[in-house]
Structure formats: structure tokens, C-alpha cells
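Report on the following structure.
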Amino acid sequence: RSPESGPSGAAGWGAAVADSRAAPWHHRPVSLASLAQRTRFSRQELQLMYRGFKNDCPSGLVHRAAFREIFSQFFPLGDASAYADLVFDSFDPGGRGCLTFEIVIQGLSVICKGSSEEKLDWAFRLYDTDRDGFISKREMVQLVSAIYDMLGDSVWPRVHPCDAQLHAEKIFDAMDRDGDGAVTFQEFVLACRRDRDLDTELDCFDTLL
């Protein structure tokens with residue numbers, strides 16, 4: 001999804017992030033020239049995105065509830081809140097509870113324009129919700145279920161939660177080569193590179209932005 005059409009685009013922030021206006025302090029971002037050096041977005045792309053961001057988030061911050069609302073705009077046939085929370089947490093590993101323009105853009109730069117290694121690193125962190133360095137079966141089920149909840153009625157026939165769990169377990173078993181119940185980063189990368197179908201599925205899952 002291009003910056004102009006995705007949640008990061010000028011129109012994408014929308015009135016959904018209005019609660020960010022209530023922030024008690026204002027964050028002043030670094031210069032766009034500096035941000036262009038740190039990311040793979042051009043200065044023109046950053047200007048467009050920042051204009052929309054600033055119009056709807058004058059405090060310079062986006063909070064979790066607003067982030068959920070942004071996702072809901074783009075997936076009206078499902079419930080995007082769980083997946084939005086997972087993406088938010090992957091952008092906010094320190095648990096501050098709010099995101100600056102720079103943090104969002106740096107994350108989107110990896111997801112939209114990063115190398116395959118950078119995308120895999122982000123995807124692993126998205127799955128590894130407890131940040132222990134491993135993906136558990138529970139975490140795999142959590143993410144896959146969140147994706148199907150978000151897609152909702154856009155997938156027909158609608159996926160039953162039990163089917164989502166079976167799909168998640170199938171992916172997990174394909175990754176957990178030694179059967180110890182935990183997927184390491186190395187196992188994750190090897191599985192994605194070895195299995196083209198799995199790589200395609202994960203690519204679809206991890207770029208739903």
C-alpha cells in the first residue's frame with residue numbers, strides 16, 4: 001500500500017485520531033531532511049504524510065485507541081482492534097503508549113520499503129508479543145486470529161475461529177523444526193526462505209497496513 005493510500009497518507013489519518021488532540025504536551029519532530037536520511041521515503045513523500053499527520057494530530061502523538069480507529073477505517077468488514085494493537089506494540093517496544101511521527105514513519109519505511117532481512121526482523125517482533133526472543137504457538141494463534149478477525153466478512157466464507165487456530169498451528173509446526181514448542185528467529189527466517197508458500201502467506205499477513 002502506498003504512503004498516499006495507506007493509514008500513513010495525508011487522508012489516512014482522518015478524524016479517527018481526534019483523541020490525540022487531548023495530549024498534554026506537544027512533540028516537535030526532527031526535520032524532514034533528517035528523517036529522509038533515516039528512512040527510504042523521499043522528502044516529498046514525507047511532506048505529504050506529515051501534513052496529514054499534523055492536521056489531525058497537532059500534538060504530534062498518536063495513542064493506542066486512535067491507532068485502532070485508523071485500522072478500522074480500512075477494514076470496515078471486520079474487527080481490526082487486535083491486529084492494530086499488535087502493530088502498535090511492535091512500533092512501541094518501550095511501552096510508552098503513544099507514537100511520534102518519526103516512529104511511525106520509520107516503522108512504515110521498513111514494512112513498505114525495507115530489505116527482506118529488515119522485514120523478517122519486524123515480522124518476528126510482531127509475532128513475539130512478550131519479547132522473549134521466541135514465538136510460541138499461543139503467539140502464532142493470537143496473530144493469525146487477529147488477522148482473520150480484521151478481514152472479517154471480506155473473506156468468504158468467513159473463517160471460523162477454530163479454522164484460524166488450525167491454520168496458525170500449521171504455520172507454527174512448519175517453523176518449529178526441532179519440535180521444542182518455540183520458534184527462534186533463525187527457525188523463523190529459515191522457514192520463510194525455505195517454503196515459498198509460507199513466505200507468501202507471511203508476506204500477506206505482515207504487510208496488512
Side-chain angles (χ1 to χ4, degrees), residues 1-9 12 34-43 45-46 48-49 53 62 67-68 70-71 74-75 80 82-95 99-151 155 164 167-168 170-177 182-209:
R1 192 184 295 272
S2 68
E4 291 79 3
S5 63
S8 58
S34 175
L35 200 52
Q37 292 179 339
R38 299 184 192 178
T39 70
R40 292 179 172 84
F41 291 118
S42 68
R43 185 164 181 168
E45 288 173 322
L46 290 170
L48 175 63
M49 290 186 280
F53 184 94
V62 176
F67 202 77
R68 290 177 187 152
I70 291 170
F71 270 80
F74 292 93
F75 298 93
Y83 187 80
D85 280 347
L86 292 172
V87 176
F88 186 95
D89 289 340
S90 77
F91 287 177
D92 182 33
L99 303 175
T100 64
F101 178 71
E102 301 100 293
I103 290 173
V104 173
I105 292 304
Q106 287 171 347
L108 290 176
S109 177
V110 170
I111 297 166
C112 300
K113 300 191 176 188
S115 65
S116 60
E117 289 77 12
E118 289 171 327
K119 291 180 179 180
L120 284 169
D121 180 70
W122 176 79
F124 185 84
R125 288 187 285 109
L126 183 68
Y127 284 82
D128 181 22
T129 57
D130 63 6
R131 306 292 183 262
D132 67 350
F134 302 93
I135 300 173
S136 67
K137 185 169 289 189
R138 177 193 60 80
E139 288 171 326
M140 182 68 71
V141 171
Q142 179 184 14
L143 182 87
V144 174
S145 296
I147 291 168
Y148 281 123
D149 286 345
M150 179 172 62
L151 296 177
V155 176
H167 189 188
K170 177 183 176 182
I171 295 174
F172 184 87
D173 291 340
M175 291 182 175
D176 185 21
R177 299 290 288 180
V183 173
T184 65
F185 180 68
Q186 290 75 19
E187 287 177 319
F188 179 80
V189 171
L190 287 173
C192 291
R193 290 177 174 168
R194 181 182 60 245
D195 190 328
R196 181 167 298 180
D197 291 336
L198 179 59
D199 188 34
T200 300
E201 288 185 0
L202 290 171
D203 186 59
C204 291
F205 286 164
D206 298 329
T207 57
L208 285 172
L209 293 173

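We use all heavy atoms of the structure for the numbers below, so side chains are in, but hydrogens, waters and symmetry mates are not.
Every residue meeting the salt bridge (charged side-chain N to carboxylate O under 4.0 Å, His left out) condition with R40, not counting sequence neighbours, appears here in chain and number order: E118. Evaluation of the side-chain contact (heavy atoms from CB on, under 4.5 Å) rule for T39 yields L35, F41, L46, I105, Q106, S109 as partners, not counting sequence neighbours. Among residues two or more places apart in sequence or in another chain, the side-chain contact (heavy atoms from CB on, under 4.5 Å) test is passed with A182 by F134, D180. Residues forming a side-chain contact (heavy atoms from CB on, under 4.5 Å) with Q37 (at least two apart in sequence, or on another chain): none. Contacts of S42 classified as side-chain contact (heavy atoms from CB on, under 4.5 Å), with partners at least two apart in sequence or in another chain: Q44, E45.
Between Y83 and F75, the gap from one ring centroid to the other reaches at least 6.0 Å.
Here R193 pairs with E117 in a salt bridge; the nearest charged N to carboxylate O distance falls below 4.0 Å.
How far CD1 of I135 is from CZ of F172: 8.0 Å, rounded to the nearest 0.5 Å. Separation of atoms NZ (K119) and SG (C112) is listed at 7.5 Å; rounding is to 0.5 Å. Rounded to the nearest 0.5 Å, atoms CE (M140) and CE (M175) are 4.0 Å apart. Atom CG of L190 and atom CZ of R177 lie 9.0 Å apart (nearest 0.5 Å). Here the straight-line distance linking atom CG of L120 with atom CG of L126 works out to 12.0 Å at 0.5 Å rounding.
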Given F53 and V62, is the side-chain contact (heavy atoms from CB on, under 4.5 Å) satisfied, shown in steps?
CA-CA 9 Å; F53 184 94; V62 176; 3.4 Å; yes
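Among residues at least two apart or in separate chains, salt bridge (Lys or Arg N to Asp or Glu O under 4.0 Å) pairs with a member in residues 127-139 are K137-D173.
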For a quick test of your reading: what N or O donor-acceptor pairs under 3.5 Å do the side chains of residues 84-95 make, sequence neighbours left out?
residue : atom : partner : partner atom : Å
D85     : OD1  : R64     : NH1          : 3.4
D85     : OD1  : R68     : NE           : 2.8
D85     : OD1  : R68     : NH2          : 3.4
D85     : OD2  : R68     : NE           : 3.3
D85     : OD2  : R68     : NH2          : 3.1
D89     : OD1  : R64     : NH1          : 3.2
D89     : OD1  : R64     : NH2          : 2.6
S90     : OG   : V87     : O            : 2.7
S90     : OG   : W122    : NE1          : 3.0
D92     : OD1  : G95     : N            : 3.4
D92     : OD1  : R96     : N            : 3.0
D92     : OD2  : R96     : N            : 3.1
D92     : OD2  : G97     : N            : 2.8

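A heavy-atom distance below 4.5 Å is not found between the side chains of V189 and F124.
Nearest heavy atoms, A191 versus A174: CB-O, 4.3 Å.
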